Amino acid sequence: ADSAAKRHHHHHGGSHRGDASTGANIRSAVEVLLEAKVTQFRHAIKKFRMDMLSMAIYLIFTAFFTISILGRGETKQIFFVREAIESTLIHVGAYPGPKSYGTSEVGSVSDIYLYLENVIIPNVASANMTRLSPLCDEAGRDLDLGCDEKRGECCTAQQPNPSAFVTGGNLMVTPVKVRQLRALSEATPTWEEGAFVDAYKTPWATDADEGRDGGGTTKQWDKKGELVDWPPEAAYYPYQTCVPSLFDSCSVADARGKYRGTYSANGFTATLKGYDTDMLATVADLRARSFLDSRATRAVFIDFTAYLPNRGLFVIVTLLFESIDLGAVTSSHTIYVTDLNQGVPILWDLLEYGVFGFAMLLMCSDLWSWWRLGVAYWSSGWAVYVSWINYALFITALVLRIILEARYSEIRAMAPLSPAAEAFPWQEVAFDQETVYFITSFNALLTWLRVLSHLEAISPKTRQLTQTISQSGGDLASLTVLIFVVLTGFSIGFHLAFGRNVDGHKDIVGSLSALLQAILGQFDYDELKQVSPVMAPVFFVTYIAIVMFLMLNMFMAVVMKTYDKVQDYLAGAAAKEVTGTGLLKRQINQMVRLIKAGDVEEVQGEDADDSVGPGGKRLSRGAASEQDWDEKEILTVQDVKALFGNDPEMLNRMSVKTFKELVRLADTEGRHFLPFSEVREILHSEKKRAESKLSVHSSAHAQQQGGGGGGP
């Protein structure tokens, strides 16, 4: 309106003279207001249509994207399958092995043999039926087809043991690999009097692996030949070196240990395959040759892959046992349950690639906007930056998806337990697929956040979240720095005080995570108190008082204060601007009036009654006096007619047919009147502009008089 006032002021050749409440000034101010309001309404209509079209297109994209990632419904069944496998192999064991024998029961290197015999082999191997009954062949059929069952001459062998991976059609894709990394022997320890710490060092290198065939037992360490070793010239359990490739980085990044971290994919490898009796014989040979050595074995990996055809899922298992300096072991595991895109209907593949294509079209649209607007494109709001992060992640996921497709085709062509299956990098492919899932999960968040930008374009009231964050960003940034400094100090304190005894505080990152969880109410005070009855209450009470009671409430106070300001601003903006929701409200009100009316003539008759104001109050008709203008609250159709009845070009300039249509277009809610306070704002602005111009002229005139020696 201020811009329109300047144009109108220039059109009429200067500022108005006389009192601001004169009819001429009011007529000018009303014309400025109506022109600005009608122009705003028409721009809003055009913008609203484009915004609605843009939102409809984006919602279609969001729906397809959501269906493509949730429609298959595999996440829930993957969770339950993984939970069952963890229960079978990790936590309690399962039939036919001891139910209480899980990885937590493995306390030393020698216990790994027992774990293989009691848990792994019973669950992955078929029983050798030729050993169960002499009347059966290797396939479990009768040797004598003419045997008499009543006389006990026929085969009585049962089906293989009901294990996790061989019963009900489940099958092993790869044999079980037992791979160990051995420490490199450097020298025989020596003793020097008076130099205990410096002289007595372990003969085993902590950062290098032994790769010599035979297991790594050196004559320096085993001078008397007391340690049993497998022959160095034999290829029983050779040292296998991983060859890096696109899918295999030769570092077991997805099976990080708790003790030493990431290990290489090299090592001495033994393969367990065949019937259970064959696997047990291999384990017995490993034990006899001291394949695993509590002195030199650094880490033991147990790897295998199985397929569950009833679910269409692959199970990729990696168990890690790390030998710590005391000869004990600690265990960790990685279990991938995934379909590896096998057996997936072509419809889902088409839908997934269709979503990628849709995202690229949206990106091209944004590229066009960038090219058209130039640098101004990047100042159009937060959604621009979120959109481009979104597109970058879509491109990354698409590239990984195309690369993985080559590996998926290899899986379709291979046979279980074949050399190709044994050499295939199952872990790395599953890890890359998990990476795609993680990218997609973050992309889902960004995709739905972008819906907010479309809602904000339609209604200012939906900007509450983003404007609260943006306007409180400065205060929150400084407060966040303070919270981070305080949390870091507490993390270091908790780590030093309790990290040697409490798992959650054994490192700085873990301690910080535990303290953040404590904010949400997840903490174990009794565990801290058992470590130190004195330090526990000191640290805990101080942390609760400073961080939870004081700093978090400061954080919330900043947010709530800004939120109140944003609410007031958006409420005022919604009252003065024509918004998408306002246009929808107009249409809904018109439809309701039409439904309530008996016929169209009744609605037209209601429209003709332009003397009804807010709350159904009757409005006075006719022109208003100067005193009436000062006391007016609303500007009616009759007031506009009185002001512009002698100006037939007024309606043409506004491109409307009647004054009623003009007022309805000008009002943000489509009523027959306007708040007169907006007219007063324009009058006040005109008055201030006139006073400012008069002041400038007076100053210039005074300077001219002063420069001329005071003469006229």
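Counting from 1, the numbers follow the sequence of the chain as shown. A quick note: this is a predicted structure, and the numbers were derived from the prediction, not measured.
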(Q) Can you tell whether the side chains of D503 and K506 come within less than 4.0 Å, N to carboxylate O? (A) yes
Can you tell me if [X] uses its side chain to pair, donor with acceptor, with the backbone of [Y] under 3.5 Å?
X: S453; Y: R450; answer: yes
X: S365; Y: L361; answer: no
X: T435; Y: F431; answer: yes
X: Y353; Y: L398; answer: no
X: N390; Y: V386; answer: no

For atom [atom1] of [X], decide whether the heavy atoms of other residues, nucleotides or ligands shown that lie under 6.0 angstrom number more than 12.
X: F61; atom1: CZ; value: yes
X: M50; atom1: CE; value: no
X: F442; atom1: CZ; value: no
X: W370; atom1: CH2; value: no

Q) Which residue pairs satisfy the salt bridge (charged side-chain N to carboxylate O under 4.0 Å, His left out) criterion with at least one member in residues 508-523, sequence neighbours excluded? A) none
Q: Sort and list the pairs that fulfil salt bridge (charged side-chain N to carboxylate O under 4.0 Å, His left out) and have at least one residue in residues 349-376, not counting sequence neighbours.
A: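 Salt bridge (charged side-chain N to carboxylate O under 4.0 Å, His left out) check on residues 349-376 returns D349-R401, E352-R401.
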Q: List in chain and number order the residues that pass side-chain contact (heavy atoms from CB on, under 4.5 Å) with A518, two or more places apart in sequence or in another chain; answer none if no residue qualifies.
A: F523, Y543
Q. What pairs with V566 under side-chain contact (heavy atoms from CB on, under 4.5 Å), at least two apart in sequence or on another chain?
A.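 Checked V566 against side-chain contact (heavy atoms from CB on, under 4.5 Å); matches are Q467, T468, Q471, T562, L570.
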Residues in ring pair (Phe, Tyr, Trp, His ring centres under 6.0 Å) with [X], at least two apart?
X: F65; result: F394
X: H454; result: Y58
X: Y525; result: F540

(Q) Within this structure, what is the CG-NZ distance for the pair L70 and K76, rounded to the nearest 0.5 Å? (A)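 Here the rounded value is 13.5 Å.
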Q: With rounding to the nearest 0.5 Å, note down the distance linking CG in D524 to CD in Q530.
A: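 It comes to 8.0 Å.
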Can you sort out the partners of [X] under salt bridge (Lys or Arg N to Asp or Glu O under 4.0 Å), two or more places apart, ordered by chain and number?
X: R49; value: none
X: D507; value: none
X: D564; value: none

Atom pairs and distances, donor-acceptor, side-chain atoms in residues 484-494, under 3.5 Å, two or more places apart:
{"from": "T488", "atom 1": "OG1", "to": "F484", "atom 2": "O", "distance (Å)": "2.7"}
{"from": "S491", "atom 1": "OG", "to": "L487", "atom 2": "O", "distance (Å)": "2.7"}

Q) How would you list all residue pairs meeting side chain to side chain donor-acceptor pair (under 3.5 Å) that involve residues 60-71, not counting sequence neighbours? A)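 The answer is T66-W448.
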